[in-house]
Number of protein chains: 2
Amino acid sequence: MIGAVTESAVDAREATRARIEAAALDLFTSRDFETVTADEVADAAGISRRTFFRHFATKADAVWGDFHAHVVRLEELLAATSDDQPVLASICAAYVEVNDYPGADLPLLRERMRLILTEPALQAHSQVRYADVDQVVAEHVARRTGCRPESLVPRLVALSTRAAATTAFETWLAGDGSLADDLHAAFDQLAGGFPTLR
Amino acid sequence: MIGAVTESAVDAREATRARIEAAALDLFTSRDFETVTADEVADAAGISRRTFFRHFATKADAVWGDFHAHVVRLEELLAATSDDQPVLASICAAYVEVNDYPGADLPLLRERMRLILTEPALQAHSQVRYADVDQVVAEHVARRTGCRPESLVPRLVALSTRAAATTAFETWLAGDGSLADDLHAAFDQLAGGFPTLR
DNA sequence: TTGTGGCGTGGCACTCGGTGCCACTAGCGT
DNA sequence: ACGCTAGTGGCACCGAGTGCCACGCCACAA
């Protein structure tokens, strides 16, 4: 193994980060998000309050794993799509792929999403995180359609596909099907202009 | 003037509320939202910090006028729509109607929306306010389609029409056309399943 | 072995948003 | 004149987040 010693520092940092994340999710699940203080999470993770905020800029951020990595991955998936595929289909496929978790991680994902979608403070915070996703999607649409990312169609596609993804998460949480199926169902409705509404 | 005396109490309350709102919008416009403290807004409005938080639960709430009234009005407009009209058309019409401001108020609306759409803290806060709108729209769609408001189509229509409205506000802010036109353009794209994307 | 420099950490003090509590005052009806 | 009510200001408090400093640990060089 190369540099096993030098890795230890990084590993330790990642380990504490994971401990904080686990402790936070645990506490936020057993009680309301707002009633849990940062001190309590820090105590449960065995670190100081100050260190908690060195690992996570916000109490809310402890709920989102490494979300930035997901955004980057989504960007790569979109960049790799073929131009033959319809734009909406490429976005749907990318959303499905980036949310393709191994079965063992699904309970964790459920809890995360339940918190984000139901706790008001987290729901508010999500808007800021999702803004990055919107920008990535809008740039992809702009690339495909040849217009600016800030113009109507790219922005609308970005926001409404995210609406589809959010709705899919809602129905996934309420039921017991697969997330991929729910995503496809929502995207089909959207791409078809809501056929069931005449 | 009729009842000038008895009205004075209510009028005074509404007047201070309006003063706070004006002072807040003024300060948030001239500087960043986050750098303006509640104390400064209170001082500018000639009231105490404590009183500020009696009129507005949150610093962010001072930016939104009487938003609850708008939600109620939207609900009434949706309830009054004819069943002959396609669902999306009725929602579009309601959005257009509820955002039909007199020309003199447009600069104010522009400033409000610019803040809400660009300042991260306000963008996050907006999610909580818009959740009420989503619920009202979802219930309307549920009424029209005969399914539960929490099911896929009502929720997706609610979230994606709000996405359309948000996008319309973005393009309206960037350009110099009418808000109604931008709303119609966005809703047309959405209802047509994004025809320009093949 | 002995520096020495970097990095993660803990503790402290501070700002600011938001809340509960109490006391004061002005207007109103009796 | 009396009490009632509603709006207000002041105060103390909590919790999120930040800047600062000092400590300890580990790698690396002499």
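Predicted model, so just to flag it, every value in this text is computed and none were measured. The chains referred to below are lettered A, B, ... by the order of the sequence lines, with proteins before strands, and numbering in each begins at 1.
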Worksheet entry | Whether A:T58 side chain and A:D61 backbone form a donor-acceptor pair below 3.5 Å | no
Practice prompt. Output yes when a side-chain donor or acceptor of B:R49 lies under 3.5 Å from a complementary backbone atom of B:D39, and no otherwise.
Written response: no
Worksheet, complete the sentence: Correct closest heavy-atom pair for B:E40 and B:T35 would be OE1-O, 3.6 Å
Worksheet item: Sub-3.5 Å donor-acceptor pair from the side chain of B:H125 to the main-chain atoms of B:A121, do we have one?
Response: no
Worksheet item: Can you find a side chain N or O atom of B:S48 that sits less than 4.0 Å from OP1 or OP2 on D:dT8?
Response: no
Discussion item. Is A:H55 close enough to C:dT9 that one of its side-chain N or O atoms is under 4.0 Å from OP1 or OP2 there?
Written reply: yes
Worksheet entry | C:dT9 phosphate, OP1 or OP2, under 4.0 Å from A:T51 side-chain N/O | no
Worksheet item: What's the CZ-P distance between B:R13 and D:dT5, to the nearest Å?
Response: 17 Å
Worksheet entry | Donor-acceptor contact below 3.5 Å, side chain A:R148 vs main chain A:A142 | no
Worksheet, complete the sentence: note: B:F56, atom CZ; D:dG7, atom P; distance rounded to Å ~ 14 Å
Item to complete: With a 4.0 Å heavy-atom cut-off, tell me which residues in residues 26-36 of chain A come close to DNA chain C, sorted by residue number.
Response: none
What N/O pairs connect the protein and nucleotides 22-26 of chain C at under 3.5 Å? Give each pair on its own line.
none

Worksheet item: Separation of B:D39 atom CG from D:dG9 atom P, in whole Å?
Response: 12 Å
Worksheet item: Looking at D:dG17, D:dG10, C:dG10, which one has an atom nearest to any side-chain atom of B:R50?
Response: D:dG10
Worksheet item: Closest nucleotide of DNA chain D for A:K59 versus for B:R49: which of these residues is on the 5' side?
Response: B:R49
Item to complete: Could you walk me through whether B:W64 and B:H70 pass side-chain contact (heavy atoms from CB on, under 4.5 Å), step by step?
Response: CA-CA 10 Å; B:W64 303 70; B:H70 281 250; over 6 Å; no
Worksheet item: Roughly, in whole Å, what's the span from CZ in A:F53 to P in C:dG11?
Response: 15 Å
Worksheet entry | Main-chain N/O of B:V36 paired to B:K59 side chain as donor or acceptor, under 3.5 Å | yes
Response to the item:
Separation of D:dG15 atom P from A:D43 atom CG, nearest Å, is 12 Å
Worksheet item: Given atom NE2 of B:H125 and atom P of C:dG17, what is their separation to the nearest angstrom?
Response: 14 Å
Fill in: A:Q135 atom CD: more than 12 heavy-atom contacts under 6.0 Å
no
Worksheet item: Between B:R17 (CZ) and D:dA6 (C1'), how many Å, whole number?
Response: 17 Å
Worksheet item: From D:dG9, C:dG18, C:dG10, pick the nucleotide closest to the side chain of A:I47?
Response: C:dG10
Discussion item. Could you report the tightest heavy-atom contact between A:R143 and A:A79, atom names first, then the distance?
Written reply: NH1-CA, 4.2 Å
Fill in: Nearest-Å distance for atom pair CZ/C1', residues B:F52 and D:dG10
18 Å
